[in-house]
Student: 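Sharing a structure here in structure tokens format.
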Amino acid sequence: MVELSDIEIRCVSLDTSLRSREVIDKEISDVEAITSKHLSEPYSIYVYRFFINNWPDLCLLALNEGKVVGNIICKVEPHRNVRVRGYIGMLSVEDEFRGLGIAKKLIEESILLMINKYHCDEITLETEVMNKKALKLYENFGFIRIKRLFRYYMNRHDAYRLVLPITEKSSICSSQLPELENPVETVY
Ligand SMILES: CC(C)(COP(=O)(O)OP(=O)(O)OC[C@H]1O[C@@H](n2cnc3c(N)ncnc32)[C@H](O)[C@@H]1OP(=O)(O)O)[C@@H](O)C(=O)NCCC(=O)NCCS
């Protein structure tokens with residue numbers, strides 16, 4: 001029986017001085033495979049590459065005996081040039097590894113990175129209104145529902161936008177905030 005302690009969490013590594021191009025490409029296609037299997041929304045390979053190439057440290061893998069069994073993909077960007085906003089784009093865990101706390105661990109590590117490394121003022125995400133499991137998971141971290149997005153997904157389901165406020169800036173109207181002094185560098 002697998003336990004959370006058997007799961008290694010690490011980010012993807014794109015460093016070609018440490019790993020071959022083939023190994024890196026295989027890891028990216030593993031991420032694409034697990035995500036497309038479990039999320040209803042289809043994403044092109046360009047979307048995965050966009051996230052992974054720009055924020056490889058925010059693409060975390062959960063591995064069991066070297067095999068990818070879970071994954072979270074995030075990014076950080078300035079929002080209206082007044083706030084630093086983290087975003088959780090995709091999260092999935094293989095069926096047979098669910099209920100062990102893997103998603104919780106992936107979210108926790110991503111949040112810590114977005115706060116400590118990127119100094120995010122808030123973290124946002126969208127999830128299907130019907131996805132009770134995901135809503136409970138995120139709300140237990142303190143995420144709150146701020147908007148219902150009508151027919152947001154291609155399957156015509158609505159989404160909730162959730163936000164986790166980190167700093168005071170998150171609760172102040174953008175028009176009342178000064179511009180960022182050191183905007184997060186946009187790499188693409
Ligand atoms: C949602 C998902 C990522 C959860 O992964 P997981 O590793 O099983 O989740 P965890 O074991 O870390 O559980 C964390 C919390 O999720 C919630 N949860 C997990 N399974 C649940 C279930 N069957 N029913 C209700 N809540 C559930 C609980 O709040 C749980 O915390 P608790 O154990 O303290 O009660 C996984 O089910 C999945 O991949 N689903 C398909 C893709 C998806 O919906 N992604 C999220 C939308 S972006």
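Order of listing sets the numbers, starting from 1, for every ligand and every atom in it.
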Student: Answer yes if the side chains of Asn155 and Glu128 hold a donor-acceptor pair under 3.5 Å, and no otherwise.
Tutor: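 Judged by distance alone, the side chains do pair up.
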Student: Are Asp30 and Lys37 ion-paired here, with the side-chain N under 4.0 Å from a carboxylate O?
Tutor: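 A salt bridge is absent here (no side-chain N lies under 4.0 Å from a carboxylate O).
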Student: Can you tell me which residues line ligand 1 if we count any heavy atom under 4.0 angstrom from one of its atoms, in chain and number order?
Tutor: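 Within 4.0 Å of ligand 1, the protein residues are His38, Leu39, Leu91, Ser92, Val93, Arg98, Gly99, Leu100, Gly101, Ile102, Ala103, Lys104, Thr127, Asn131, Lys133, Ala134, Lys136, Leu137, Asn140.
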Student: With sequence neighbours excluded, what pairs up with Glu126 under the salt bridge (charged side-chain N to carboxylate O under 4.0 Å, His left out) test?
Tutor: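 Glu126: salt bridge (charged side-chain N to carboxylate O under 4.0 Å, His left out) contacts with Arg161.
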Student: Would you say the side chains of Tyr118 and Asp57 form a donor-acceptor pair under 3.5 Å?
Tutor: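 A donor-acceptor contact under 3.5 Å links the two side chains.
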Student: Taking Asp158 as the fixed residue, which of Lys147, Arg148, Arg145 is the one that meets the salt bridge (Lys or Arg N to Asp or Glu O under 4.0 Å) rule?
Tutor: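 Exactly one option meets the salt bridge (Lys or Arg N to Asp or Glu O under 4.0 Å) with Asp158, and it is Arg148.
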Student: Can you tell me how far the CG atom of Leu39 sits from the CD1 atom of Ile34, to the nearest 0.5 Å?
Tutor: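 Here the rounded value is 9.5 Å.
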